[in-house]
There are 4 protein chains.
Amino acid sequence: MQFEEIRQKAYAANMQLPQLGLVLFTFGNASEADRKEGVFAIKPSGVAYEDLTPEKMVVVDFDGRTVSGTLNPSSDTQTHAVLYKHWKEIGGIVHTHSTYATSWAQAQKEIPIFGTTHADYNIANIPCALPMDDEMIKGNYEIQTGFQIIDHFKEHQLDHNEVEMILVGNHAPFTWGKNAHKAIHNSAVLEQVAKMAYLTLQINPQAPRLKQALMDKHYQRKHGPDSYYGQS
Amino acid sequence: MQFEEIRQKAYAANMQLPQLGLVLFTFGNASEADRKEGVFAIKPSGVAYEDLTPEKMVVVDFDGRTVSGTLNPSSDTQTHAVLYKHWKEIGGIVHTHSTYATSWAQAQKEIPIFGTTHADYNIANIPCALPMDDEMIKGNYEIQTGFQIIDHFKEHQLDHNEVEMILVGNHAPFTWGKNAHKAIHNSAVLEQVAKMAYLTLQINPQAPRLKQALMDKHYQRKHGPDSYYGQS
Amino acid sequence: MQFEEIRQKAYAANMQLPQLGLVLFTFGNASEADRKEGVFAIKPSGVAYEDLTPEKMVVVDFDGRTVSGTLNPSSDTQTHAVLYKHWKEIGGIVHTHSTYATSWAQAQKEIPIFGTTHADYNIANIPCALPMDDEMIKGNYEIQTGFQIIDHFKEHQLDHNEVEMILVGNHAPFTWGKNAHKAIHNSAVLEQVAKMAYLTLQINPQAPRLKQALMDKHYQRKHGPDSYYGQS
Amino acid sequence: MQFEEIRQKAYAANMQLPQLGLVLFTFGNASEADRKEGVFAIKPSGVAYEDLTPEKMVVVDFDGRTVSGTLNPSSDTQTHAVLYKHWKEIGGIVHTHSTYATSWAQAQKEIPIFGTTHADYNIANIPCALPMDDEMIKGNYEIQTGFQIIDHFKEHQLDHNEVEMILVGNHAPFTWGKNAHKAIHNSAVLEQVAKMAYLTLQINPQAPRLKQALMDKHYQRKHGPDSYYGQS
C-alpha cells in the first residue's frame with residue numbers, strides 16, 4: 001500500500017471520531033499529512049465508518065489534487081488542503097459537527113474562557129469566524145472556508161500553533177495539531193469545553209472569564225519551558 | 001415467507017431505532033413499501049424490539065387493510081397508509097418519540113434552520129403541524145394524522161421530496177424517504193438537528209437563521225445536479 | 001427458597017433500574033407483592049446492584065415487619081408497606097432518584113401534560129406532593145411519606161389506578177402498577193416525560209397543555225374499553 | 001511491589017473514573033493514603049487510563065516528595081499532600097473535571113441543597129472557594145490550592161468530616177473520604193447532585209432550599225448514631 005503510514009494514521013484517527021461520540025453517521029473527517037511528500041491522507045466522502053479501511057483513505061496534495069486512491073475524497077478536502085498549504089507546522093486536521101461546538105458555531109459566538117480545563121489548551125476564547133460573504137460562498141466554497149479560517153486568525157492576531165481550534169459560524173468546528181491524533185484530541189476537548197461553557201452561562205449568565213494569572217499558570221504548566229505536566 | 005424483502009427491510013429498520021437511541025420501549029415504528037404490490041410491511045403493535053423477527057412484520061395495503069400477518073399492526077398504521085397512498089414516491093416511513101424532536105413538537109414550534117448540518121438535508125425550517133381540530137380527533141384519528149401532514153405540506157407549499165420530515169404538534173415527528181433505511185437516517189438527523197437548534201437558542205436567543213447563499217450551497221452540494229458529496 | 005416467585009420478580013425489577021439508567025449506586029428500590037400472602041419482597045438496604053441475588057430480597061408484611069430474610073430491608077420499606085396496605089390493587093412499587101423526575105420534585109412543580117407520550121399513560125399533570133410538615137418528618141418519616149402520597153391523591157381527587165406515579169417534593173419519584181415490572185416501566189416513562197417537559201418549556205415557556213380531545217383520544221386508545229394498542 | 005496495598009487501591013480508584021463517566025482523557029486523579037507510613041499512592045501525570053497498572057502508581061510523602069516510583073506523579077500531587085498533611089482523618093482524595101460540577105465551579109456558585117439526594121451526603125450547600133489571589137497563583141500553585149481549600153473550610157466553619165467535597169472556583173471539584181473508594185463515590189454523587197441542582201433551577205428559578213427538618217432527617221438516617229441505612 002502506497003503512503004501506508006499516513007493512510008494508517010488517518011484511518012485510526014477517523015475511527016476514533018464515532019468512538020468519542022463526536023460524529024453522527026459520516027458527519028466528520030480527519031486527515032494526516034506527510035510533509036516530506038507534500039500530501040495528506042483523508043477519509044473518502046460519504047463512506048460509513050464501519051466500512052472504512054486504511055486502503056480506502058484518499059491521498060491528496062496540498063493543492064487538493066488526488067494523488068492516490070480510487071474513491072472521491074471528503075467534500076471538505078479543499079479546506080484541509082488550504083490549511084496544510086499555509087500553515088506549515090500542522091500535521092493533522094479534523095472536522096466534525098459535534099453537538100455543543102456546532103451549537104456555539106450556529107449561535108455565532110466565541111466560547112469564553114471560563115476555567116482551567118480550557119486554559120490547559122489555550123488562553124484565548126475559542127474563536128468563531130463569521131459566515132463568509134455571498135461572493136466567497138458562490139466561488140469555490142471549500143477553498144474559501146480554508147481562507148476564512150486563515151484570515152480570521154490573521155485579523156485577530158491569533159497564532160495557529162497556540163490556538164488549535166476554530167468555530168466556523170453557522171457551520172461547525174475545525175481543529176488541528178502536529179498530527180491527526182492530536183487534532184482528534186483537540187476536537188474532543190473542544191466539545192467538552194463547549195458543553196461546560198454552555199452550562200456555566202446557564203448557571204450564571206454573569207460568570208466572569210478566568211483571571212489572567214490563572215490563564216498564564218495553567219497554560220505554562222502544560223506548555224511553557226518549565227512545564228511539569230506529563231512524563232517528559 | 002411472503003413479502004420477504006419488505007419484511008426483512010422493515011425489520012432491519014425497526015431494529016435500528018433502539019440502536020440509534022431514538023425510542024424508549026415500543027415508542028416508534030418503521031415501515032417499508034413494495035410499490036408494485038401496493039403494500040407495506042410495518043411493526044406489530046406493542047411488541048418489544050428484542051422480540052421482533054422479520055416474520056412478525058405485518059403487511060398492509062395502502063388503505064390500511066392487513067394483507068399478511070397474524071399480529072395487529074402498529075396503532076399508527078393508518079397514518080403510514082395515507083402517506084403512502086398520496087405521496088407516490090416514498091418507500092419508507094418512520095415515527096418516533098425521540099427526545100428533542102418531540103420536545104419541539106410539544107412546544108409547537110418549527111425548528112429554525114441555523115446551520116449547515118440542517119441545510120445538508122433541506123433548506124426550510126422543519127415544519128410543525130398544529131394540533132388537529134377536535135372534530136378530526138374524534139373521527140379516525142390515525143387517518144386524520146396522515147391528512148394533517150399532507151395538508152400542512154400543501155398549505156405551506158412544501159415538497160415532500162425535498163423536506164422529508166415533520167413535527168406533529170403536541171405529538172411527535174414523522175420522517176420518510178425512498179426506503180425505510182433512509183427514513184431512519186432522516187429520523188436520526190432530525191433528532192440531532194433538533195438538539196443543536198435547542199442549544200443554539202439557549203446560547204444565543206437572537207441567533208440568525210442560516211444565510212440564503214449558504215443554504216443553497218450546502219443543499220446543492222449534496223442534492224443538486226452538480227452534487228459532489230459521496231461516491232457517485 | 002421461600003416466597004421464591006416474588007423474590008425472583010423483585011430481583012429482576014431491581015436489576016432493571018441500573019440497566020435503564022434510572023439509578024446511581026444504590027439510589028433506588030423496587031418491590032413485588034404477593035396479595036394472597038399479604039407480603040412483598042424488596043431490595044435490601046445499601047447493597048450494590050451487582051451483589052444482589054433473589055435470595056437477598058427481604059420479605060416484609062404490609063405493616064413493614066420482616067417475615068423472611070436476614071438483611072435489613074430498604075430504608076424506604078415502610079413507605080412501600082403503607083401504599084400496599086391502603087391501595088389494594090397495586091402489586092409493585094418503585095422508588096428512584098432518576099435525574100429529570102427528581103429535578104422536577106426538587107423544583108416542587110407538577111409536570112404539565114404537553115404531549116401524547118404523556119397522555120398514553122395518564123391524562124393529568126404528574127402530581128407533586130409538597131414537602132411534609134415538620135411534625136410528620138420528626139415522626140416515623142417513611143410511614144409518613146406513604147401517607148403524604150395517599151393524602152395528596154385524596155385531596156386532589158386522583159385515582160391511583162389511573163395515575164401510577166407521583167413526585168414527592170424535595171425528594172424524588174415513586175411509581176407503582178399491577179406488578180414490579182409495570183412499576184419499573186412507569187419509572188422509565190416518567191423520566192422520559194420529565195425530560196421532554198423540561199425541554200418543551202425551555203423551547204417555549206408558553207407551551208400550551210395538550211388539548212382535551214387529544215388527551216382523551218390517546219388515553220382511550222391504550223386504556224379504554226375499545227383500546228386498540230398492542231396484541232390483545 | 002512496595003506499598004502494594006495503596007498502589008492497588010489507588011489504581012482501582014483511578015480506573016473507576018472513566019467507568020463512571022467522570023473524566024475525559026487524563027483529566028482526573030485519585031490517591032490512597034497509608035497513614036502509618038505517612039505516604040499516599042497517586043496516578044502518574046498524563047498517562048492514559050488504559051495504560052495504567054498498579055506498579056505505575058507513584059508513592060509520595062505528605063510533603064509531596066516521591067518515595068517510590070519512576071514516573072512523575074500527577075501535577076496535582078502537592079494539593080493532595082497538603083490535604084493529607086492537615087486533615088488527619090482522610091484516607092483518599094479525588095480530583096476530576098466532571099461536567100456539571102466543573103460548570104458550577106466555573107460559574108463560581110455554591111450548589112444549593114435542593115433535595116434529599118444531597119442531604120443524604122451533607123446538609124450544607126456544596127462550597128465553592130473563590131479563585132485565589134494572584135500572589136498565591138504565582139507561588140507554588142498546587143500547594144496553594146490545598147491551602148485555598150483548607151482556608152475556605154476554616155473561614156466558613158465547615159467540617160471536612162461532614163462535607164467531603166468542594167468546588168475550586170474557575171477550576172474543578174475535589175472530593176475526599178476515609179479511602180479512595182469513598183472519595184470516588186463522593187465524586188460521582190457530587191456530579192449527579194450538580195446536574196440535578198442545575199436542572200432544578202432551570203425548571204424553577206425560585207426553587208426553595210430543602211427545609212431544615214428534612215435535612216436533619218435524611219442526614220441522621222444515614223450518618224447519625226441511630227442511622228438505619230445499609231447493613232450494619
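Note that the structure is predicted; figures quoted are calculated from it, not measured. Here is how names work: the chains are called A, B, and so on, in the same order as the sequence lines, proteins then strands, and each is numbered from 1.
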ask   = Contact part of C:Pro208 toward chain B, heavy-atom cut-off under 4.5 Å: side chain, backbone, both or neither?
value = both
task = With rounding to the nearest 0.5 Å, note down the distance linking CG in C:Asn204 to OG in B:Ser103.
result = 11.5 Å
Distance in Å, C:Lys217 NZ paired with B:Asp134 CG, rounded so as to fall on 0.5 Å steps = 12.0 Å
Per-residue contacts, residues 11-28 of chain B versus chain C, heavy atoms under 4.5 Å = B:Leu24, B:Phe25, B:Thr26, B:Phe27
query = Mind checking which of residues 46-71 of chain B sit less than 4.5 Å from chain C, heavy atom to heavy atom?
reply = B:Gly46, B:Val47, B:Leu71
query = Is it the side chain or the backbone of C:Gln212 that comes within 4.5 Å of chain B heavy atoms, both, or neither?
reply = neither
request  = Verify the neighbour count for atom CD of C:Gln157: are there more than 12 heavy atoms of other residues, nucleotides or ligands below 6.0 Å?
outcome  = no
remark   = Closest non-hydrogen atoms of B:Pro131 and C:Leu214, given as atom of the first, atom of the second and distance, are CB-CD1, 4.2 Å
ask   = Considering heavy atoms only, which positions within residues 141-151 of chain B lie below 4.5 Å of chain C?
value = B:Tyr141, B:Glu142
ask   = Just checking heavy atoms, which of residues 159-188 of chain C are less than 4.5 Å from chain B?
value = C:His185, C:Ala188
ask   = Should C:Thr116 and B:His97 count as side-chain neighbours, where that means a heavy-atom distance under 4.5 Å?
value = yes
query = Among C:Leu199, C:Asp120, C:Val189, which residue forms the greatest number of heavy-atom pairs with chain B at distances under 4.5 Å?
reply = C:Leu199
note = d(B:Ile111 CD1, C:Ile203 CD1) to nearest 0.5 Å is 7.5 Å
query = What are the two closest heavy atoms between B:Ala107 and C:Thr200, and how far apart are they?
reply = N-CG2, 3.7 Å
key: NZ (B:Lys109) with more than 12 external heavy atoms under 6.0 Å   = no
query = What are the two closest heavy atoms between C:Met196 and B:Ser98, and how far apart are they?
reply = SD-O, 4.4 Å
